[in-house]
Number of protein chains: 2
Amino acid sequence: MELELIKSKLHESNFRLTQEREVVLTTFMNSGQMLTPAQLHDCVKKEYNSVGLTTVYRLIEVLTKLGLATPFLIDGEIYYTFCSDHHHHHFVCLDCHKVKDIYECLEMTHKYDDVGTVNYHRMDLYGHCKNCERKNINVKSLEP
Amino acid sequence: MELELIKSKLHESNFRLTQEREVVLTTFMNSGQMLTPAQLHDCVKKEYNSVGLTTVYRLIEVLTKLGLATPFLIDGEIYYTFCSDHHHHHFVCLDCHKVKDIYECLEMTHKYDDVGTVNYHRMDLYGHCKNCERKNINVKSLEP
DNA sequence: CATGTTAAAGAAAATCATTTTCTATAATGC
DNA sequence: GCATTATAGAAAATGATTTTCTTTAACATG
């Protein structure tokens, strides 16, 4: 999903498109990984003049409400990943925290309606991406 | 999973079986729902002489490490549900926070190995249990 | 394009969940 | 029993997140 589309989504919901938001949003989208608010703030600082941490928190809140950010709880830390609005699942690399979207879905929502009404579901896969897998093998080969 | 089994699991890992832990554990297991540490603490207070909130936090930490508690992030709040150690998924009622275990699993772990190595996955279904569904219909029927 | 309205930025303070510290106690092994 | 050591609990510390307040800038309107 490209920036322009998100801008119009924000606009629809009466959120203003400030320069700060555009900067944070761009950084967030381009990172391709899950980040804590503080980490996202750090990334923004590296590439642009700093934006306040409060602003980062507030944008994440807005995006989450709009379904454009998804929180992950890993080891007690809350991370967020940018997220298009089409239903999909996530694969998260436990090493580098990169996130890959998985658009296949077995549409199991209706499968479990004996428990009640299922409004939505999420599925998260955790593991190691190919890149980190390779690195880990290299590291292991250095061991005695 | 019954209490005795969990006791032996704690024991295996060199955790002591204190009276406080037994009380909190029993309350946690019997609740059948996801609870914040503070909520669990409140539940314990109602049924038994109070146990310290710190103790509740520490037990949840231990259970999570042993795979006997699962955290859920809902609206920025972290809830925990008691969890047997067999792999399963969860249905969570967004009204009453009751949790139902779903032991069917499509074993999709291997299905996505083009992204890398999948170590584990979780799937959460969110909706409204039959009980709350019924209540909601009754509430609606009272509206003008 | 100028202007009024109002959401948002940012700094600082406040809040609140969670963790740590420290001492007394009780669970476990011998 | 007795020694060892993990745990309970109270209080303090920590640290992430939220709130407050003032200034600024985005947007709609004429």
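Throughout, protein chains are lettered first and strands after them, A, B, ... in sequence-line order, and every chain is numbered starting at 1.
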Which residues, if any, of residues 31-42 of chain A bring a heavy atom under 4.0 Å of DNA chain C?
none

For the helix from C/dC1-D/dG30 to C/dC30-D/dG1, how many degrees between its two end axes (five pairs per end), to the nearest 10°?
60°

Pull out every residue in residues 46-62 of chain B that has a heavy atom closer than 4.0 Å to any atom of DNA chain D, ordered by number, or say none.
B/Val51, B/Gly52, B/Thr54, B/Thr55, B/Arg58

Set of residues satisfying salt bridge (Lys or Arg N to Asp or Glu O under 4.0 Å) with respect to A/Glu4, sequence neighbours excluded
A/Lys7

Can you name the residues that form a side-chain hydrogen bond (donor to acceptor under 3.5 Å, both in side chains) with B/Glu104, not counting sequence neighbours?
A/Lys111

Interatomic distance, A/Ile74 atom CD1 to A/Asp124 atom CG [nearest 0.5 angstrom]:
8.0 Å

Whole angstrom is fine here: how far is it from CD in B/Gln19 over to C1' in D/dG9?
15 Å

Between N or O atoms, less than 3.5 Å apart, protein on one side and nucleotides 27-30 of chain D on the other: list the pairs.
residue	atom	partner	partner atom	Å
D/dC27	OP1	A/Leu17	N	2.9
D/dA28	OP1	A/His11	NE2	3.4

Determine, for A/Lys130 against B/Asp114, whether the closest basic-nitrogen to carboxylate-oxygen distance falls under 4.0 angstrom.
no

Taking OP1 and OP2 of C/dA7, is either one under 4.0 Å from a side-chain nitrogen or oxygen of A/Arg21?
no

Tell me, with the steps shown, if A/Tyr79 and A/His97 meet ring-ring contact (aromatic ring centres under 6.0 Å, His included).
CA-CA 9 Å; A/Tyr79 296 82; A/His97 291 180; 5.0 Å; yes

Ion pair B/Asp95/B/Lys135, N-O distance below 4.0 Å:
no

